[in-house]
Every structure is written in C-alpha cells, then in structure tokens.
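Below is one structure; the comments refer to it alone.
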4 protein chains.
Amino acid sequence: MVCSIDISEKPALNDPILIEGLPGIGFVANIAALHLIKVLKAKRFVQIFSSSFQDFAVTTDDGGARSPINELYYAKREDGGRDLIVWFGNTQALTTVGQYELVGKVFDIAQEFGCRFVISIGGFKKDEAQAVPGIYSTATDLETMQQALDLGTKVMVGHVFGIAGLSVGLARIRDMKGFSLLVDTPGMNPDVNAARYALMTLGKYLGLNVDLAGLEASGEDIKRMLESFGVVRSITEEKKKEEQQLRWFI
Amino acid sequence: MVCSIDISEKPALNDPILIEGLPGIGFVANIAALHLIKVLKAKRFVQIFSSSFQDFAVTTDDGGARSPINELYYAKREDGGRDLIVWFGNTQALTTVGQYELVGKVFDIAQEFGCRFVISIGGFKKDEAQAVPGIYSTATDLETMQQALDLGTKVMVGHVFGIAGLSVGLARIRDMKGFSLLVDTPGMNPDVNAARYALMTLGKYLGLNVDLAGLEASGEDIKRMLESFGVVRSITEEKKKEEQQLRWFI
Amino acid sequence: MVCSIDISEKPALNDPILIEGLPGIGFVANIAALHLIKVLKAKRFVQIFSSSFQDFAVTTDDGGARSPINELYYAKREDGGRDLIVWFGNTQALTTVGQYELVGKVFDIAQEFGCRFVISIGGFKKDEAQAVPGIYSTATDLETMQQALDLGTKVMVGHVFGIAGLSVGLARIRDMKGFSLLVDTPGMNPDVNAARYALMTLGKYLGLNVDLAGLEASGEDIKRMLESFGVVRSITEEKKKEEQQLRWFI
Amino acid sequence: MVCSIDISEKPALNDPILIEGLPGIGFVANIAALHLIKVLKAKRFVQIFSSSFQDFAVTTDDGGARSPINELYYAKREDGGRDLIVWFGNTQALTTVGQYELVGKVFDIAQEFGCRFVISIGGFKKDEAQAVPGIYSTATDLETMQQALDLGTKVMVGHVFGIAGLSVGLARIRDMKGFSLLVDTPGMNPDVNAARYALMTLGKYLGLNVDLAGLEASGEDIKRMLESFGVVRSITEEKKKEEQQLRWFI
C-alpha cells in the first residue's frame with residue numbers, strides 16, 4: 001500500500017491532543033471534527049492520500065475534482081491549554097490493512113509534533129434516536145478510563161469497529177494514552193444532536209467552551225459532502241462488515 | 001504490488017500534456033488515444049506492466065502472445081505547440097491499490113519528462129446514444145475548469161470512477177493541473193461517435209486539427225482487441241463495481 | 001502488510017522450544033498455551049501487531065481497550081530442561097499472506113533466541129466429543145515423527161489448516177524441527193478436555209509435570225475472552241474457509 | 001507478498017531452457033514435468049515458498065508435513081544439447097499479484113543461470129477426451145512461433161490463463177523467447193495421454209528422446225499428490241475463475 005503524505009507546515013505545538021473525526025456511524029465524529037475546525041479556526045498542515053481509499057473523484061458544484069483524503073489541522077490555544085490536532089477526512093480506508101497503515105501514519109506524524117494523547121469520536125448504534133444520547137468510553141489504561149468516566153460517560157461494552165477502535169487500541173501499543181467518545185445514534189444519517197453531545201463532553205475534558213451555534217450548518221456541510229460521495233447505504237452494509245470482521249474465526 | 005517499467009527512449013519534450021486513454025466506459029478514451037497515436041505518428045517510449053493486471057496472455061491471429069500492458073507514446077509538434085504524451089493500454093488495474101499505483105507511476109514518469117498538465121478522457125453513461133453527445137468536465141482548479149467550459153463542456157456532476165477520475169484527483173495533489181472530458185455514451189460497445197467528439201474538443205484545446213478520417217478504423221482496431229480480450233460484459237459488471245466502491249461506508 | 005514488533009526483554013534461553021497456542025478449532029491450543037503461561041509463570045517479552053489482524057478494539061469490563069495481538073512468553077526451567085517460548089494471542093491473521101508473514105516473523109524472533117524446535121497445538125474436528133480424545137501428529141521429518149508417535153499420537157491424515165499447519169510446514173523449510181499435536185474435538189466451543197490431553201502429551205515430551213488443577217479456570221478465561229471478541233460462528237465458517245483454500249485449483 | 005527462496009546449488013548450465021510444469025488444467029504440465037525430472041534424473045537446486053500459496057500443510061502417509069511449494073530442477077545433457085531447468089510444484093499462487101511475483105522470481109533465477117528461453121506446458125479444455133489430442137501454441141515472437149508450428153502445433157486462439165499464459169507473456173517483456181504447448185484435455189483429472197503428447201512434442205523440439213515407459217506411474221504420483229491436497233473441484237471453479245479475470249471490464 002502507498003500512503004502519500006504532504007506536510008505543508010511544521011507548527012510548534014504545546015503537548016497536543018489528537019482528535020479523530022473521520023466518517024463513521026452517524027457521522028458523529030465527522031460533524032464534530034468539522035465544527036471544531038471551524039470554530040477554532042484550525043489550520044490544515046497535513047494531507048494524506050492512501051491507495052486504500054476509493055479510486056474515484058467526486059465533483060463539486062463548480063466542477064472541481066475532489067479525491068478521497070484525510071487531513072490534519074492544528075489549533076493553538078491562547079488560554080494556555082493543550083493545543084489540538086484535528087484529524088478530518090471524507091473516508092476511512094477500504095481494507096483492514098489500509099486502516100492499520102492509516103492510523104500508523106497519522107500517529108507517526110502526530111508523535112512527530114509531540115502528541116501523546118488521542119481522543120477518538122464515534123457513533124454507537126441504537127435502534128432509536130434519543131434526546132439525550134448516552135456516551136460510552138473505552139481507554140488505553142485505567143487512569144485515563146477514570147478521566148473519561150468523570151466526564152459522565154459509561155463503560156463501553158463490546159466491539160469498537162474501524163478507526164475509532166483502532167485509534168485507542170493502537171495508542172496503547174505506541175505508549176500514547178487516550179479514550180473514545182461513542183455517542184448513541186441511529187447511525188443512518190448525519191446526526192447533529194449526537195455530535196453536539198460529543199462536543200460538549202470533549203469541551204469539558206479540554207476545558208474549552210466550544211461554540212455550538214453553527215453546528216446545524218456543519219451537519220449540513222457533512223450531509224452535502226456525503227451526498228456528493230453517494231453515501232446512502234447503512235444498516236445492511238454495517239451488518240455485512242461485522243460479519244466479515246469475524247471471518248477467520250472457527 | 002510490482003510495477004515493472006521499461007523506458008526505451010528519453011525524448012526531450014516541450015512542456016508536454018499527458019492524454020489518458022485507457023479502456024473504460026464506451027471505450028471512448030481508448031479509441032481516441034489509439035487514433036491520436038496513429039495520426040500523430042506518436043512513438044512508444046515506455047511500457048508498464050503491473051502485477052495488478054490480469055494474469056493471462058491473449059493470442060493474436062498469428063499466435064503471438066499479448067499481455068495486459070500500459071504504454072506511453074510521445075508526439076512532438078512541429079507547429080510549436082506543446083508536445084503530447086499519450087497513455088494507451090489494453091487494461092486498467094484490477095484493484096483499487098493497483099489503480100493508485102498505476103496512476104502514481106505514470107505521473108512519476110510524465111513529470112520526469114516535464115509534464116505538468118493532464119487531460120483524462122472517459123465515457124459518461126447515458127441510457128441512449130445521442131447524435132451530438134454532451135461532454136462533461138471536472139478539473140483540478142477553477143481556472144482550468146473555466147478553460148474546459150470554454151471548450152463547450154458542461155460541469156460534471158457526480159462520481160468519476162477509475163483512472164479518468166483518479167487522474168484529475170491525483171493531479172491536483174501532485175501540483176499538476178488538468179481536466180477530464182467525459183462524453184455521453186451508452187457504454188456497452190466501443191463508441192466511435194463519442195470518441196469523435198472527445199477528439200474534436202481535445203483538438204480545440206490543443207490548437208491541433210486532428211484528422212478524423214480513419215476514426216472508424218481505429219474503432220474497429222479497439223473492437224478487435226477487446227474481443228480478443230473477451231470483453232463482453234457491460235452494465236451489470238459496472239453496477240457491481242459502483243457498489244463495491246462504497247463498501248466501507250456505514 | 002505491516003507487522004510491528006515490540007521486544008521488551010532479551011532473555012538468554014537454553015535451547016528453547018516454541019509452543020504455538022493461537023485460537024483455532026476447539027480453542028485447544030489457546031487454552032493449553034494460556035494454562036502453560038500461568039503454571040510456568042511465563043513472562044511476556046514480545047508483542048506482535050499485524051495489519052492483517054482485525055481492525056477493531058474490544059473492551060474489557062472496566063473499559064480497557066484490547067486489540068488483536070500475538071505475544072511471546074518465555075519460561076526458564078530450573079530442572080535443567082530446555083526452556084520454553086509460548087506463542088499466545090487472541091487472533092490468527094485474516095489473510096493467507098498475513099498468516100505466512102506472521103509465522104515468518106515469529107520464527108525470526110524465536111530463532112534469534114536460539115530456538116530450533118516448534119510444537120504446534122490444534123484441534124482436529126470430530127462430530128462428537130470423546131472422553132479420551134485421539135491425538136494426531138505431523139512432523140518436519142521422520143525422526144521427529146517417531147518421537148511424536150512414541151508419545152502415543154497417531155499419524156495425521158489430511159490437511160492441517162492455519163497456523164498449526166503452517167508452523168510445521170515452514171519449520172521444515174527453515175531448518176527447524178517440530179511436530180503438531182492435533183486433538184479430537186467437536187470444535188465449536190472452548191474444549192477444556194481436549195486441552196488437558198494436549199498438555200499431558202506435551203508434558204510427556206518436555207519431561208515436565210504440568211499442574212492441571214486450574215485448567216477449567218483457564219478454559220473460562222479463554223471463553224470470556226472469546227465472548228468479548230464476539231466469537232460465535234463455527235462449523236459453517238470453517239467449511240467456507242476450507243473451500244476458499246482450494247479456490248485456485250482447476 | 002513474500003517469496004522466500006532457497007538456492008542449494010549453483011550449477012553451470014549450458015544455455016538452459018526453462019520448462020514450466022505447475023498444476024493446471026488436466027495437470028498436463030505437472031505430469032510431464034515430474035516425468036522429465038525422473039527420466040532425466042534432474043536435480044533440485046531451488047525451493048520457492050510464497051505467502052500467496054495456501055496456508056496449510058498436507059500430511060504424507062508417514063506423517064511428514066508437506067507445504068505448498070515450487071521447485072526448480074536442472075538436467076545437464078551429455079549429448080551437447082542445451083541443458084534444462086524444470087519448474088515443478090504442487091501449486092500456483094492464489095492471487096493475481098502472487099502469480100506475477102512468482103513468475104518474476106522464477107525468471108530472475110533462471111536468467112541468473114543463463115536462461116533465455118521458456119516453454120510453458122498446459123491443458124486446453126475440450127469437452128471430450130481425444131485419442132490424438134491437438135496441441136496449440138502461442139509464442140513471444142513470430143520466428144519462435146514458426147518453430148512451434150514446425151513441431152505440428154496449431155495457432156492458439158483465445159486466452160491462456162494462469163502461469164502457462166503469464167510465462168510466455170512476461171518472457172517477451174524480459175527479452176526472453178519462448179512458446180507454450182497447450183494440449184487438448186477434458187481437464188478434470190490428471191490426463192496422462194495429454195502429457196504424453198506434450199512430452200513427445202517437447203522432445204522433438206529439444207532433440208531429446210524422452211522415455212515414456214513409466215509415464216502412467218508419473219500420472220499416478222501426481223494423482224496421489226493431488227488427492228492428498230484435496231483437489232477435487234474442476235469445471236465450476238474454473239468457470240468462476242474465468243469470470244473473475246474479467247471483473248474490471250466495463
């Protein structure tokens with residue numbers, strides 16, 4: 001596999017926290033990450049292309065060609081808090097091997113900029129939408145897990161598929177710490193409400209008051225992007241994926 | 001994956017434009033590229049073999065063995081216009097990873113010869129054939145998009161699958177410019193009429209009067225080559241492919 | 001594929017024997033290996049992560065994130081016998097290529113620590129459970145095969161799929177010796193009784209009296225781990241796998 | 001992918017010809033190659049293992065573990081004729097990429113020993129067995145094709161799948177020459193009669209009188225080996241494979 005990486009700037013960051021926000025169940029992470037980038041005026045400094053992304057281009061309204069891509073943005077905080085690296089994109093990798101490579105490359109870069117902590121955001125599929133969704137966590141270690149529980153999350157039980165799961169699992173292996181925020185969502189459409197709760201919990205951890213005023217607009221942006229990428233399938237695909245994950249087992 | 005590349009000559013080219021012409025929907029690009037090679041007496045200087053091509057040989061009438069292959073031809077212009085590199089072949093790669101690698105290799109070589117601009121040709125599937133087919137474009141940037149629109153193309157809406165899409169998407173990433181010419185076609189058989197419109201539009205951009213007299217013969221050549229490769233499937237296969245492209249989505 | 005390996009300690013080992021104990025049919029090897037680690041107080045010195053493992057994390061009761069992993073433990077013997085390297089894990093690799101790479105990496109490491117002998121454990125699917133299960137062997141060479149037969153095993157007839165088979169087959173190629181212990185099991189659930197017979201036979205070979213008192217508890221540990229990994233499928237999946245194995249044949 | 005190669009001897013060979021004899025349709029090549037090895041008392045000097053082979057071991061009657069493997073044997077001729085390298089094995093690679101890699105590695109080795117000519121053997125599926133089967137050829141170039149036709153072969157029309165096709169196709173790319181001998185066969189069982197005609201034609205080309213007395217025994221050896229590898233499927237699998245080969249086409 002080939003990951004090609006373009007680093008356009010080398011900012012000096014203060015003990016930065018990596019926030020994972022790729023598309024996934026309910027697009028909770030994707031909406032939250034885009035909104036963070038907007039309200040924090042985060043600046044893109046890394047572009048990542050992988051041969052495990054889809055082999056097509058998607059057009060924008062004015063004819064621009066848009067490729068599957070992952071990006072890293074940084075936001076420096078003026079209140080002395082830890083800086084942020086936001087991991088945004090319009091795709092995860094298509095294959096298991098590609099997913100491992102992608103997380104590995106992003107962690108390589110993040111660690112190069114001094115990052116030792118990762119927070120992955122995701123959706124946790126529930127049959128029905130909930131006004132106040134539950135938030136579930138898994139963490140690299142018990143101390144970090146306690147920090148997550150102190151934010152009002154519950155213990156996640158079961159599998160965390162895809163990048164949200166890999167990020168926490170691989171962080172532990174690479175001597176990084178971190179936890180996940182998995183928010184209840186029906187999972188089929190971009191879920192702005194779930195993203196709101198993800199951002200409120202994240203803000204509490206970061207000591208950061210995230211302005212949620214324009215969140216609906218961020219949800220609309222993600223929806224438009226997803227529509228242009230033809231994302232329509234949901235539960236059946238997801239089921240199939242879970243089955244594949246277990247295919248080696250006896 | 002293994003790409004093996006054989007460069008038989010190193011021509012000095014004048015700011016060359018890369019024209020992508022691999023087999024795809026309606027074989028529009030393939031016919032157009034073969035015809036360009038013929039009328040411009042373009043010379044082959046690169047052969048590319050990939051382990052992501054099919055693992056068979058196809059025989060010619062006299063028993064010769066023909067492998068899946070991609071080739072680059074160059075044509076020097078005597079009117080002072082920019083030289084051309086024509087990317088021709090009898091196959092795309094079988095896998096997503098192979099497609100990315102293939103475009104990457106071809107761009108590496110093209111850039112080595114000074115190329116900074118790519119035009120990808122393709123078909124845009126319509127249910128019925130049209131006497132005057134529409135031509136759609138997507139581009140790396142707005143300025144280039146305007147140049148494409150000035151040729152009489154319309155804004156492409158939707159996905160551009162395969163090499164035609166990757167070429168424009170990846171050009172942008174590699175600081176190259178370019179656009180695509182996607183011509184209406186029913187897509188099941190080699191579509192000489194669509195190739196004619198592609199070449200007329202391309203000629204307008206290049207300031208080059210492409211002799212279209214022998215175009216039917218080029219279409220027949222492609223048809224014979226495709227038949228020898230056993231290409232018979234069309235719409236169902238294409239549909240399946242589109243579905244696969246989206247398989248990671250939730 | 002990417003195998004990332006973390007070697008935390010470099011013990012000096014006395015002509016060590018590698019014991020393969022990954023999950024497979026009846027989880028015979030997995031239970032036996034875990035039990036060995038416990039009773040011998042074996043110490044983990046190597047962690048192996050592969051991009052051919054599944055791309056998810058599994059949570060523990062207290063919210064810890066657990067990744068698919070392979071591990072090597074060593075046990076030094078005070079009775080002058082040969083030391084042991086126990087190969088434990090919660091997964092095999094998902095793909096054929098990944099399996100080959102995994103065995104190759106583990107053998108590279110084992111050989112680095114002086115290992116020249118491997119014993120792979122596995123289940124041999126029978127329709128019904130048996131109070132005294134048969135044990136079948138295959139070996140790298142006739143002399144080693146005789147040693148296995150002297151333990152009361154029978155000659156294995158047929159295929160040995162997965163890591164248990166690869167380990168013996170690839171050992172031969174790498175100038176290592178070894179044999180497999182494949183124990184009758186219905187194969188659907190963790191089979192403590194089959195693991196007992198595997199350990200008794202292994203103990204006989206090693207001249208090691210393995211305390212089997214806590215074996216039920218080891219079986220429960222494996223069962224809990226497997227449940228957390230969502231392992232529920234059995235015969236149908238296995239059948240499918242066997243069919244895939246033969247897919248290239250004419 | 002990983003090919004591991006073990007070269008046990010470096011014989012000085014006289015302009016050797018590579019004879020490809022892997023299992024395929026009717027196992028024509030496999031029987032012919034094994035028989036050549038026997039009657040010429042050819043000596044194994046290379047073993048090749050690929051992670052694209054199947055991940056299992058097969059047991060022999062006495063419990064020995066046998067892995068999927070490819071081997072090269074050499075035979076020096078005392079009559080002053082060109083020496084031979086016989087490419088034998090119990091498997092082709094499972095994937096397209098693996099097939100390309102395998103041919104590439106074998107050609108690398110063969111060329112290292114001075115080889116510039118390859119003859120691939122294969123079966124050409126016919127609905128019914130024929131007492132005197134037809135033999136079809138494809139070649140790297142017209143001159144070599146004429147040599148093949150002079151042996152009484154006909155021009156092959158259509159696809160040559162797998163190693164037999166790749167060998168001739170890739171030979172051309174690597175400045176080697178060669179042709180294929182594809183013999184009519186129903187293709188489901190090891191076809192000794194087809195192998196006989198392959199060897200007679202090959203012998204004519206080599207100016208070598210191949211003793212065909214023990215050919216039935218060689219056929220039985222291959223049959224036993226194939227049975228131990230569980231090879232039972234035939235036409236349906238083959239059909240499926242052909243369909244897969246064309247999956248990228250529009």
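The figures here come from the full heavy-atom set of this structure, side chains too, leaving out hydrogens, waters and symmetry mates. First the proteins, then the strands, lettered A, B, ... as listed; each starts at 1.
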* Structure fact -> Separation between OG (D:Ser4) and CZ (C:Arg174), nearest 0.5 Å, reads 8.0 Å
* To do: Keeping the roles fixed (side chain from C:Tyr136, backbone from D:Gly63), state whether a donor-acceptor pair exists under 3.5 Å.
  => no
* To do: Look at C:Leu142, C:Val168, C:Leu149 and state which one has the largest set of heavy-atom pairs under 4.5 Å with chain D.
  => C:Leu142
* Asked: If you draw a 6.0 Å radius around CD in D:Glu216, do more than 12 non-hydrogen atoms from other residues or ligands fall strictly inside?
  -> no
* Structure fact -> Rounded to the nearest 0.5 angstrom, the CZ-OH distance for D:Phe53 and C:Tyr100 is 7.0 Å
* For the atom pair CZ (D:Phe56) and CG (C:Leu166), what is the distance rounded to the nearest 0.5 Å? -> 10.0 Å
* Asked: Counting only heavy atoms not in C:Asp127, do more than 12 fall under 6.0 Å of its CG?
  -> no
* Determine whether D:Asp55 and C:Phe161 make a side-chain contact, defined as any pair of heavy atoms from C-beta on separated by less than 4.5 Å. => no
* Structure fact -> If one checks every heavy atom of D:Asp62 against chain C at 4.5 Å, the contacting part turns out to be both
* Asked: More than 12 heavy atoms of other residues, nucleotides or ligands under 6.0 Å from CZ of C:Arg82: is that the case?
  -> yes
* Asked: So how far is it from C:Arg172 CZ to D:Ile69 CD1, rounded to the nearest 0.5 Å?
  -> 6.5 Å
* **Under 3.5 Å donor-acceptor, C:Thr96 side chain and D:Gln54 backbone** => no
* Please say whether more than 12 non-hydrogen atoms of neighbouring residues, nucleotides or ligands are located less than 6.0 Å from NZ in D:Lys38. => yes
* Asked: When only pairs under 4.5 Å are counted, which of C:Ala148, C:Ser180, C:Gly165, C:Gly158 shares the most heavy-atom pairs with chain D?
  -> C:Gly158
* To do: Please report the closest heavy-atom contact between C:Gly169 and D:Ser67, naming both atoms and the distance.
  => CA-OG, 3.1 Å
* To do: Sort C:Met145 into side chain, backbone, both or neither according to what part of it lies under 4.5 angstrom from a heavy atom of chain D.
  => side chain
* C:Glu143 CD: over 12 foreign heavy atoms closer than 6.0 Å -> no
* Asked: For the residue pair C:Met156 and D:Thr59, what are the closest heavy atoms and their distance?
  -> O-OG1, 3.0 Å
